[in-house]
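Below, chains carry the letters A, B, ... as their sequence lines are ordered, and counting in each starts from 1. Note that the structure is a prediction, hence the values are computed from the model and not measured.
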Number of protein chains: 2
Amino acid sequence: MALRHAVLAALLDEELSGYQLTKAFAAGVANFWHAKPQQVYAELARLERDGLVAGREVVQEGRPDKRLFRVTGKGLGELEGFASTAAKPAFLREDLLVQVQAADRLDAAVLIERLTERYAFAEAKAALFEERLRRMRGGLDEAEFLLRGARVGPYLTCRRGRDFERANRDWCRDVMEVLRARQAAAEEA
Amino acid sequence: MALRHAVLAALLDEELSGYQLTKAFAAGVANFWHAKPQQVYAELARLERDGLVAGREVVQEGRPDKRLFRVTGKGLGELEGFASTAAKPAFLREDLLVQVQAADRLDAAVLIERLTERYAFAEAKAALFEERLRRMRGGLDEAEFLLRGARVGPYLTCRRGRDFERANRDWCRDVMEVLRARQAAAEEA
DNA sequence: CGTTACATGTAATATGTTACATGATTCC
DNA sequence: GGAATCATGTAACATATTACATGTAACG
């Protein structure tokens, strides 16, 4: 039940609405966890029912009203309990890896299309993370920020996200290089 | 439905039993996908029902009989179809990231325990992948193997697995360094 | 004689995804 | 006038995890 804790962690620094949370957990933005809007709303409802977050109505003009949520004392306790238990390591579960695993029996040109797409996606996402890091640092250089900044947690997770996508990008590039070289070698023979 | 394709990809090079597949997809070994034994057996049953794999009974002495599976022509077609569709990019979904996201509100000592565990796990898994890569290369150096070796697919996915765990290890190390430096800085003040 | 490996599942529960639903407002 | 953003869900379906079940044989 880690989405539960991911939502709590996201709400630690600031009050957010369900909608803002769905944005934070959406495909392009989430630096440390991912979830669909429906899941976020459902989890928020459960968290409120269990008293781990508290919502407060905010009336707005010109746009629909919304509810802002914050973590309760009980919610913080829940997070502390979560942090004190061993974390399950994650596995890579990427469609593209399955496709490359079968590379020797598939058409290289088709795979190169997939790799090109993933390369572009990884590059874009890494750039997005890099930008967010820059904003979090503000004027400080990284070492200074990490030593004295408030809230380094989100920074550290965002950095992992950036490096993950950089690694994806580099891997795509290397695989494409290999596939192309093998095509060329096969043509010569 | 990517487990389906992961199983097909795993069976491309060699006939395997359900049990061998469960080993390949188990926590410590899978380089490109992960699944529990129950899932693997269920998926094999479906694949056989749909004619994408064919099983053959092998009678054994001294241990239970088993069934070896191979991919059918239809199965290869299914994989080709899969490779021709855009792959969904994966997200990081790691408990430890959630815990570090909340780092500023949690006890650093507790987090360092989690990071130490994950560091050791990542190191061990990276070493395991490295060993498998070495075996796949045989006597050849990497560039030579990638250019002329048969079956580079599994090699390339295994390399991604190794680099993923190396990145996890390095991130754990960096985060611990930051947390320790901040503890020291806080004590001084 | 207890543990690990071999070998294969069923059943219940939890989690995640897809499709559908509603309605106002702002931007182009 | 149509698309995108704000705002919040329900319902159906697919996938993954956990618990349970069974039996042989090799290893120490």
Side-chain angles (χ1 to χ4, degrees), chain A residues 1-7 15-30 33-50 53 55-69 82 85-95 98, chain B residues 1-7 15-30 33-50 53 55-69 82 85-95 98:
Chain A
M1 232 193 306
L3 174 58
R4 188 179 194 74
H5 304 113
V7 170
E15 271 191 315
L16 294 173
S17 67
Y19 186 78
Q20 286 175 297
L21 275 170
T22 66
K23 289 299 155 192
F25 284 101
V29 189
W33 203 260
H34 172 263
K36 296 277 154 83
Q38 299 89 334
Q39 235 183 313
V40 173
Y41 282 114
E43 197 59 55
L44 268 177
R46 269 191 296 267
L47 283 166
E48 192 177 24
R49 188 199 59 200
D50 298 344
V53 305
R56 108 187 135 81
E57 195 83 14
V58 174
V59 178
Q60 296 186 113
E61 309 226 343
R63 39 177 80 174
D65 296 347
K66 63 180 172 181
R67 304 190 62 217
L68 292 182
F69 294 91
F82 174 60
T85 64
K88 298 179 206 169
F91 305 102
L92 284 175
R93 188 167 278 184
E94 174 110 37
D95 286 356
V98 175
Chain B
M1 232 194 308
L3 174 58
R4 190 180 194 74
H5 303 113
V7 170
E15 270 190 318
L16 294 173
S17 67
Y19 187 77
Q20 286 174 296
L21 275 170
T22 66
K23 290 297 155 192
F25 283 101
V29 191
W33 203 261
H34 172 262
K36 297 276 156 81
Q38 299 89 332
Q39 233 184 315
V40 173
Y41 282 114
E43 197 60 55
L44 269 177
R46 270 191 296 267
L47 283 165
E48 193 177 23
R49 188 199 58 199
D50 298 344
V53 305
R56 112 188 131 81
E57 195 83 14
V58 175
V59 179
Q60 295 186 112
E61 310 225 344
R63 40 178 78 174
D65 296 348
K66 63 180 173 182
R67 306 190 61 217
L68 292 182
F69 294 91
F82 174 60
T85 63
K88 297 179 209 173
F91 304 102
L92 284 176
R93 188 169 279 187
E94 175 113 36
D95 286 355
V98 176

> Which letter, B, S or -, goes with each nucleotide of nucleotides 22-28 of chain C from 5' to 3', with contact meaning a protein heavy atom under 4.0 Å?
Replying inline: -B-S---

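- Residue order along DNA chain C, read from the 5' end via each residue's closest nucleotide, puts B/K66 first among B/K66 and A/L3.
- Toward the 5′ end of DNA chain C lies the nearest nucleotide of B/Y41, the other residue of the pair B/F91 and B/Y41 mapping further downstream.
- In the helix from C/dC1-D/dG28 to C/dC28-D/dG1, the rotation axis of the first five pairs and that of the last five pairs differ in direction by 50°, rounded to 10 degrees.
- The side chain to side chain donor-acceptor pair (under 3.5 Å) test applied to B/D65 returns no partner, not counting sequence neighbours.
- Heavy atoms of B/R93 sit under 4.0 angstrom from primed sugar atoms or phosphate atoms, though from no base atom.
- Residues that satisfy the side chain to side chain contact (heavy atoms under 4.5 Å, CB included) test with B/A24, not counting sequence neighbours, are absent from this structure.
- With a heavy-atom cut-off of 4.0 Å to chain A, the contacted part of DNA chain D has its first and last nucleotide at D/dT5 to D/dT18.
- Shown here are the side chain to side chain donor-acceptor pair (under 3.5 Å) partners of A/S17, two or more places apart in sequence or in another chain: A/Q20.
- Judged as a side chain to side chain contact (heavy atoms under 4.5 Å, CB included), and not counting sequence neighbours, the contacts of B/E43 are B/L3, B/R4, B/V7, B/R46, B/L47.
- As a whole-Å value, the separation of A/E43 CD from C/dA14 P is 13 Å.
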>> Please determine whether side-chain contact (heavy atoms from CB on, under 4.5 Å) holds for the pair B/Y19 and B/V40, giving the CA-CA distance in whole Å, both sets of side-chain angles, and the decisive distance to 0.1 Å.
In response: CA-CA 9 Å; B/Y19 187 77; B/V40 173; over 6 Å; no

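- When the salt bridge (charged side-chain N to carboxylate O under 4.0 Å, His left out) test is applied to B/E61, no partner is found at least two apart in sequence or on another chain.
- For A/Q38 and C/dT18, the shortest distance from a side-chain N or O to OP1 or OP2 is not below 4.0 Å.
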What donor-acceptor contacts under 3.5 angstrom involve side-chain atoms of residues 85-94 of chain A, with partners at least two apart or in another chain?
unit_1, atom_1, unit_2, atom_2, d
A/T85, OG1, A/F82, O, 2.9
A/R93, NH2, B/H34, O, 2.9
A/E94, OE2, A/R118, NE, 2.6
A/E94, OE2, A/R118, NH2, 3.4
A/E94, OE2, B/A90, N, 3.3

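- In this structure, A/R63 has no salt bridge (charged side-chain N to carboxylate O under 4.0 Å, His left out) partners at least two apart in sequence or on a different chain.
- Using a 4.0 Å heavy-atom distance criterion, A/Q60 is classed as a sugar-phosphate-only contact.
- Spacing between atom CE of B/M1 and atom C1' of C/dG16 amounts to 15 Å, rounded to whole angstrom units.
- Rounded to whole Å, the distance from CG on B/L44 to C1' on C/dT10 is 16 Å.
- Residues meeting the side chain to side chain contact (heavy atoms under 4.5 Å, CB included) test with B/E48, sequence neighbours left out: B/V53, B/R67, B/F69.
- A/E15 pairs by the side chain to side chain donor-acceptor pair (under 3.5 Å) definition with A/R56, not counting sequence neighbours.
- In this structure, the side chains of B/L21 and B/K23 stay at 4.5 Å or more apart for every pair of heavy atoms.
- Map A/F69 and B/K36 each onto its nearest nucleotide of DNA chain D; the residue landing nearer the 5' end is A/F69.
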